[in-house]
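As the structure is a computational prediction, the values presented were derived from the model and not from experiment.
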Amino acid sequence: MAVSLTREELAEALADSGRGDRAAFRRVYEATSAKLFGVALRILHDRQLAEDVLQDAYVTIWNKAATFDPGRASAITWLATVTRNRAIDRLRSAAVRPAGRPLDEAAEVRDAAPDAATLLETRQETGRLLACLDELEARARDAIRTAFFEGVTYEVLAERAGVPLGTMKSWIRRGLQRLKGCLEP
């Protein structure tokens, strides 16, 4: 049963609620519950959550009605702010822990990124590879880097260097053999 109160009557009923007047609180509830439910529902997009938040909001309103100051805001603004804040708090708590899944399951979730030991090992191997590449003669080193890091074909490399294809293949093959020898423990 919706009760219609003027701004002044609502402010007075809210002030009376702050002094423990249950009948005044009932009038506040009856006059504002539909509007405050709409505020919660607009934020949460879930009827059940909005109902829960509305209940929490009215508990807060009952407990803090004495702090309402009609000089700072209208009663409906104060009530809507309490409800809005409760709804946002519920959204945040739902974002932290997805509904329906136990918190213990988080321990079983595997991170797709490599772990620190793997990253360190990869960096060390990359460092060794670069050091071994630097030991090769310039033409073999440049041909291997271009072929393997840029994906350029042997034919294009031979053209660029102005050498026969067989020569380019030999440079790369000999360079790869030296790399292998350098990289083996």
Nearest heavy atoms of Ala50 and Phe37, plus distance in Å: CB-CE1, 3.6 Å

Gap between atom OG of Ser17 and atom CZ of Arg26 - 0.5 Å precision: 11.5 Å

Residues which pass side-chain hydrogen bond (donor to acceptor under 3.5 Å, both in side chains) with Gln124, listed by chain and number, not counting sequence neighbours: none

Pairing residues for Glu125 by the salt bridge (Lys or Arg N to Asp or Glu O under 4.0 Å) criterion, not counting sequence neighbours: none

Residue pairs involving residues 119-162 (criterion disulfide bond (SG atoms under 2.5 Å apart); sequence neighbours excluded): Cys132-Cys182

Partner residues of Tyr58 under the side-chain hydrogen bond (donor to acceptor under 3.5 Å, both in side chains) criterion, sequence neighbours left out: Thr32

Sequence neighbours excluded - salt bridge (charged side-chain N to carboxylate O under 4.0 Å, His left out) pairs with any residue from residues 144-171: Asp134-Arg145

Inter-residue atom distance Leu179.CG - Leu136.CG, 0.5 Å rounding: 4.5 Å

For Gln55, all residues meeting side-chain contact (heavy atoms from CB on, under 4.5 Å), sequence neighbours excluded: none

Validation row: Thr153, Val156 side chains within 4.5 angstrom (heavy atoms): yes

Side-chain touch Leu157/Ile172, heavy atoms, less than 4.5 angstrom: yes

Counterpart residues, side-chain contact (heavy atoms from CB on, under 4.5 Å), relative to Arg173 (two or more places apart): Ser170, Gln177

Path from Val152 to Leu133 over hydrophobic side-chain contacts below 4.5 Å: yes

Path from Val59 to Tyr29 over hydrophobic side-chain contacts below 4.5 Å: no

Distance-minimising heavy-atom pair for Ala13 and Ala24: O-CB, 3.4 Å

side-chain hydrogen bond (donor to acceptor under 3.5 Å, both in side chains) partners of Thr67, counting only residues at least two apart: none

Heavy-atom closest pair, residues Val53 and Ala87: CG1-N, 3.6 Å

Candidate pair Val82 and Phe68, rule side chain to side chain contact (heavy atoms under 4.5 Å, CB included), full reasoning: CA-CA 11 Å; Val82 169; Phe68 168 66; over 6 Å; no

Distance in Å, Thr83 OG1 paired with Leu41 CG, rounded so as to fall on 0.5 Å steps: 12.5 Å

Gap separating the CE atom of Met168 from the OG1 atom of Thr146, nearest 0.5 angstrom: 8.5 Å

Thr81: partners by side-chain hydrogen bond (donor to acceptor under 3.5 Å, both in side chains), with sequence neighbours left out: none

Where at least one partner belongs to residues 34-49, residue pairs that pass side-chain hydrogen bond (donor to acceptor under 3.5 Å, both in side chains), sequence neighbours excluded: Gln48-Asp52

Criterion side chain to side chain contact (heavy atoms under 4.5 Å, CB included) on Ile61 and Leu36, from CA distance to verdict: CA-CA 12 Å; Ile61 291 165; Leu36 298 184; 4.3 Å; yes

Spacing of Asp69 atom CG and Leu14 atom CG [to the nearest 0.5 Å]: 11.0 Å

Of all pairs that satisfy salt bridge (charged side-chain N to carboxylate O under 4.0 Å, His left out), the ones with a partner from residues 11-22, not counting sequence neighbours: Asp16-Arg19

Inter-residue atom distance Tyr154.OH - Leu165.CG, 0.5 Å rounding: 10.0 Å

Residues that Glu137 engages under side-chain contact (heavy atoms from CB on, under 4.5 Å), provided they are two or more places apart: Arg139, Ala140, Arg178

